[in-house]
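Right, one structure below, let's go through it.
Quick caveat, the model's predicted, so the values are computed rather than measured. To find a chain, count down the sequence lines: A is the first, B the second, and so on, and within it residues start at 1.
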Amino acid sequence: MNTSIDLDSTLFSGQTFAWVKQNGVYEAVVDKNLVSFTPESFDSLLQKHEALRHYFDMDWEYGKAESYLACLDDHLARAVKAFKGLHILNQDPWEVLMAFLLSQNNNIKRIRSMYERLSQELGTHVEGVWYAFPRPQELLGISESDLRRLGMGFRAPYLLDAIQNHEVLSGIADLGDDEASRALQTIRGVGPKVASCILAFAYHRRQAFPLDTWMLKVMQKHYPGRDASYFAPYAALAQQYLFHYERTQGGLL
DNA sequence: GGCCAGGCCCCAG
DNA sequence: CTGGGGCATGGC
């Protein structure tokens, strides 16, 4: 039978900028391969490519987490009802680091286009219009002015520092959440929010709780005086639900 | 055509 | 350590 993942809310809730959907077909480059599927072919895709089960996080306790969060309060109940099946992907840490360096003082539309631009201009061709996001090794020769020419603006030095210090990522998996966050923040342009995005979306840290402008509004409105611990042990999933719900429903009520 | 955006840096107090 | 200005660029 079909899996319980909700593809639209999973792929278009701002945790990844790699996917497009056209005529019911989802497409992106994942790990140097073009992945292309429809909701009908999703199950067979997973059977064929075992690694994608992990990418889509198919084997985590979503049923349990959804029930828990839906019972926590009315607002979460609505968000979970609206987007039940929202998964948190297991993305490549390097790509998440770069994507969320792009995200600061920016909007999702433009983050997507900047991410796509880096892929097309600096990444390896896969097929058709598709390019893989460039690996750090492919970017070693690049300069700040190169990045500015590509429209990266004031984020160019941040991207450059990430390129030069990408080895920080190799140690993150072994660290606890707080230590990992601190280590990530040694990269220029990575603060608490970007670090928590990397931990949530690339390292499966379920207590990470990215607080951006949208989430600050949500917390003020619906959870005054509370913090991530209120949503434990499912803070990251709660955050993703609340963020997406706020952005799409305009935070009604 | 201004306004503003999944923050962070930097510099005052 | 807290607060506030500045930041490149383009979508709206």
Inset, instruction - Indicate whether OP1 or OP2 belonging to B:dG7 is found under 4.0 Å from a side-chain N or O atom of A:T213. - result: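 Affirmative; the distance criterion is met.
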Legend entry - Distance test, side-chain N/O of A:K193 to OP1/OP2 of B:dC8, below 4.0 Å: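 So the side chain of A:K193 is outside the cut-off, no N or O lying under 4.0 Å from OP1 or OP2 of B:dC8.
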Legend entry - Residue whose closest nucleotide on DNA chain B lies nearer the 5' end, A:Q185 versus A:I111: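 The answer here is A:I111.
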Legend entry - Of A:R188 and A:N106, the one whose closest DNA chain B nucleotide lies more 5':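 Mapping each residue to its closest nucleotide by heavy atoms, the 5'-most match is A:N106.
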For [X] and [N], what is the distance between atoms [atom1] and [atom2] respectively, to the nearest whole Å?
X: A:N107; N: B:dG7; atom1: CG; atom2: P; value: 10 Å
X: A:R112; N: C:dG10; atom1: CZ; atom2: C1'; value: 16 Å
X: A:L118; N: C:dA8; atom1: CG; atom2: P; value: 17 Å
X: A:R247; N: B:dA5; atom1: CZ; atom2: P; value: 11 Å
X: A:R148; N: C:dC7; atom1: CZ; atom2: P; value: 11 Å
X: A:L147; N: C:dC7; atom1: CG; atom2: P; value: 20 Å
X: A:L101; N: B:dC8; atom1: CG; atom2: C1'; value: 10 Å
X: A:W214; N: B:dC4; atom1: CH2; atom2: C1'; value: 12 Å

Legend entry - Pairing partner of B:dC10 (Watson-Crick or G-U wobble, both distances under 3.5 Å):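 Partner of B:dC10: C:dG4.
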Legend entry - B:dC10 to C:dA8 separation - P atoms, rounded to the nearest Å: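 Rounded to whole Å, the distance is 12 Å.
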Closest listed nucleotide, where the reference is the side chain of [X] and the choices are [options]:
X: A:N105; options: C:dC7, C:dG10, B:dG6; value: C:dC7
X: A:Q239; options: B:dC8, B:dG6, C:dA8; value: B:dG6
X: A:S113; options: C:dG11, B:dC9, B:dA5; value: C:dG11
X: A:V194; options: B:dG6, B:dA5, B:dC8; value: B:dC8
X: A:F154; options: B:dC10, B:dG7, C:dG10; value: B:dG7
X: A:Y158; options: C:dA8, B:dC9, B:dG6; value: B:dC9
X: A:R155; options: C:dA8, B:dA5, B:dC8; value: C:dA8

Inset, instruction - By nearest nucleotide on DNA chain C, pick out whichever of A:M152 and A:K109 is the more 5' one. - result: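 Result: A:M152.
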Inset, instruction - Measure the spacing between CG of A:L140 and CD1 of A:I142 and express it to the nearest 0.5 Å. - result: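 Answer rounded to 0.5 Å: 10.0 Å.
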Inset, instruction - Indicate yes or no: does A:R206 engage A:D57 in a salt bridge with an N to O separation below 4.0 Å. - result: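 A:D57 and A:R206: salt-bridged.
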Legend entry - Ion pair A:E246/A:K221, N-O distance below 4.0 Å: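 A:K221 and A:E246: salt-bridged.
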Inset, instruction - Answer with base, sugar-phosphate or nothing: what part of the nucleic acid does A:G191 contact at a heavy-atom distance below 4.0 Å? - result: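 The answer is sugar-phosphate, as A:G191 gets under 4.0 Å only of primed atoms, P, OP1 or OP2.
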Inset, instruction - Just call it for A:S196: base, sugar-phosphate, or nothing, with non-hydrogen atoms closer than 4.0 Å on any strand. - result: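 A:S196: no heavy atom of the nucleic acid under 4.0 Å.
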Inset, instruction - Keeping the roles fixed (side chain from A:Q15, backbone from A:L89), state whether a donor-acceptor pair exists under 3.5 Å. - result: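 Yes.
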Legend entry - Check: A:Q240 side chain, A:I88 main-chain N or O, donor-acceptor pair, under 3.5 Å: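 Not at all, since once roles are kept as given, no pair shorter than 3.5 Å links the two residues.
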Inset, instruction - For atom NZ of A:K217, decide whether the heavy atoms of other residues, nucleotides or ligands shown that lie under 6.0 angstrom number more than 12. - result: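 Above 12, so yes.
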Inset, instruction - Determine, answering yes or no, if A:F243 is stacked on B:dG6 under the 5.5 Å centre rule and the 30° plane rule. - result: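 Here A:F243 meets both the 5.5 Å and the 30° conditions.
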